[in-house]
Amino acid sequence: MMNQITHFVENVLAGAGLSMDYVPVVRYVVLIVLTALLAWLAGWLSKRCIPIVTRLTQKTEARWDDAIFNSRVLRSACQIVPAIVVWMLLPSVFFEYPTVHEVLARLTAIYITVMTVRTLIACADSFRLLDTGRRSSRQQYLYSFIGVLKIVLIFVAVIIVVSIIVDKDPTTLLAGLGAASAILMLAFQDTIKGLVAGIRLTSNEMVSVGDRITVPSAGADGIVEEITLTTVKVRCFDNTIVTVSPQALVDGSFQNWKGMTQKTGRKAARKVYVDFRSITADDDGVVNLTRYRQHMEQWLKEHPAVIADAFIMVHQLDATPTGLPVEFVFWLKEQDVLTYEHAISEIMEHAYAEAPHFGLVIYQQFPEQTTK
């Protein structure tokens, strides 16, 4: 079809009385302008289709199509269409100038390669739109795989671009990279280690986005916001961001509070030291400490902040020189730090205040008084 257009343009120019010396020049100008207009028209039409595709994806119940075919991906894909039109029409425009055709064809092929990889990376990044804040192990595997896929895409794009520039088969360049594999392993060692460490973290469900972790070696204590191949971002409670490598989490030790937050409550354990001299038995032979423990257990079961059907126990521990320790073990409904600490303070304050009603004295060591 382009050949027919070329002959038609030549006939029109010759019929208009244009000198034959200028016909080739004007013909090239017309064909170049026509190619540019066709490329622009193809790009314009493809962009007009973006709202249609968006409406179609919104009508489906699935969420993955909304993420993959989002406006960013579609706009990036539309930028490839004009280049494809130009690449297809170049042989018909510059058929008399093979050198010019070869240079422009290579430049166009490089542009198509780069934009295609950019579109694929944008498509891979679109899976983050499906992130709900809490990632399962399968989701984290997917995000780790996406990170590796992006690196592979960039690596393949570089190989293709170099092969286009030097006019070599890409497979030949890939075969020649076998000798440089050691250098590549050295260059990407952090990425490889991060991938392996990330897989170990997620496969064992050691950490995921949304967990609260404490990493003493890195000074991190907060919520995990993002897990990538090379970093784990933790937002501390003072809103500072601490980055920890997955390898450091695997090789070292850290505390994950997920088990506490997944439960319906939070465990509390506190001690009260009773003076041995205040422990007595009444006329019925019942020890006042026994009545105190039974009373506190019943009181804890009726307390609104305590989970009544959870494990509740008030018991004595081994005697110490500073009194007899009585431990209170119970579960609180609230997990928020501030509410949790206030509830414990209220309960223990009541435990201290109730002790004198049973004739018990909380042990307190006074400083030794010196005599003159």
Side-chain angles (χ1 to χ4, degrees), residues 207 210-223 234 236-238 252-372:
V207 66
D211 291 351
R212 176 195 169 186
I213 64 172
T214 302
V215 189
S217 60
D221 184 10
I223 306 300
V234 181
C236 299
F237 296 107
D238 56 358
S253 61
F254 68 98
Q255 187 175 12
N256 193 331
W257 300 80
K258 177 173 62 175
M260 181 191 72
T261 57
Q262 288 179 344
K263 297 290 185 180
T264 56
R266 184 174 176 181
K267 183 181 178 181
R270 293 294 187 273
K271 299 176 184 178
V272 171
Y273 289 85
V274 178
D275 194 326
F276 289 103
R277 292 167 293 186
S278 65
I279 301 176
T280 60
D282 56 19
D283 295 337
D284 297 330
V286 181
V287 179
N288 57 351
L289 180 59
T290 303
R291 291 191 289 111
Y292 174 71
R293 291 192 298 100
Q294 294 173 349
H295 167 76
M296 290 305 303
E297 281 189 358
Q298 185 62 34
W299 183 83
L300 286 172
K301 292 179 181 179
E302 298 174 357
H303 195 280
V306 178
I307 303 177
D309 55 352
F311 181 77
I312 297 176
M313 180 176 63
V314 180
H315 67 117
Q316 60 173 286
L317 302 177
D318 293 338
T320 67
T322 57
L324 179 64
V326 177
E327 185 179 42
F328 295 74
V329 182
F330 51 92
W331 288 79
L332 292 176
K333 299 176 182 178
E334 294 292 340
Q335 299 182 13
D336 179 70
V337 175
L338 185 61
T339 309
Y340 172 80
E341 293 296 338
H342 283 173
I344 288 182
S345 298
E346 177 190 341
I347 290 173
M348 297 312 299
E349 287 163 0
H350 179 81
Y352 291 131
E354 282 291 304
H357 292 73
F358 293 86
L360 296 173
V361 176
I362 304 302
Y363 183 85
Q364 180 176 357
Q365 186 175 7
F366 294 96
E368 296 182 0
Q369 297 181 354
T370 57
T371 58
K372 294 184 180 180

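Only this structure's heavy atoms are used, side chains among them; waters, hydrogens and symmetry mates stay out.
A distance-only check finds no donor-acceptor pair linking the side chain of D284 to the backbone of V286 [under 3.5 Å]. Using a distance-only test at 3.5 Å, with no hydrogens or angles considered, no donor-acceptor pair links the side chain of R266 to the main chain of L332. A distance-only check finds no donor-acceptor pair linking the side chain of D211 to the backbone of I213 [under 3.5 Å].
When all heavy atoms of L360 and N288 are compared, the pair lying nearest together is CD2-ND2, 3.4 Å. The heavy-atom pair separating Y352 from V272 by the smallest distance is CE2-CG2, 3.7 Å. Scanning both residues, A351 and Y292, for their nearest heavy atoms gives O-OH, 2.7 Å. Minimum heavy-atom separation, C236 to A220: SG-CA, 4.1 Å. E354 and F358 get closest at one heavy-atom pair: O-CD1, 3.3 Å. K301 and A308 make their closest contact through O-CB, 3.4 Å (heavy atoms, listed as atom of the first residue, atom of the second, distance).
The aromatic rings of H350 and W299 sit parallel to each other, their planes meeting at less than 30°, with 60° as the upper class boundary.
Note: E327 CD to H315 NE2 = 4.0 Å, rounded to the nearest 0.5 Å. Rounding to the nearest 0.5 Å gives a distance of 9.5 Å between CZ of F328 and CD of E297. A distance of 12.5 Å separates CZ of R291 from NE2 of H357, quoted to the nearest 0.5 Å. Considering CD of E349 and CD1 of I344, their distance stands at 11.5 Å, rounded to 0.5 Å. The distance from atom CD1 of I362 to atom OG of S278, rounded to the nearest 0.5 Å, is 7.5 Å.
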Applying side-chain contact (heavy atoms from CB on, under 4.5 Å), run through E346 and H303 and close with a yes or a no. CA-CA 11 Å; E346 177 190 341; H303 195 280; 3.3 Å; yes
In sequence, state the C-alpha distance, the side-chain angles, and the governing distance for V215 and V234, and then conclude on side-chain contact (heavy atoms from CB on, under 4.5 Å). CA-CA 10 Å; V215 189; V234 181; 5.6 Å; no
Go through the steps to decide whether I347 and R270 satisfy the test side-chain contact (heavy atoms from CB on, under 4.5 Å), and finish with yes or no. CA-CA 10 Å; I347 290 173; R270 293 294 187 273; over 6 Å; no
How far apart are the C-alpha atoms of K267 and V329, what are their side-chain angles, what is the distance that settles it, and do they pass the side-chain contact (heavy atoms from CB on, under 4.5 Å) test? CA-CA 8 Å; K267 183 181 178 181; V329 182; 3.8 Å; yes
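Here the side chains of V326 and M296 are not in contact, with every heavy-atom distance at 4.5 Å or above.
Residues satisfying the side-chain contact (heavy atoms from CB on, under 4.5 Å) criterion with P325, sequence neighbours excluded, are Y273, L317, T320.
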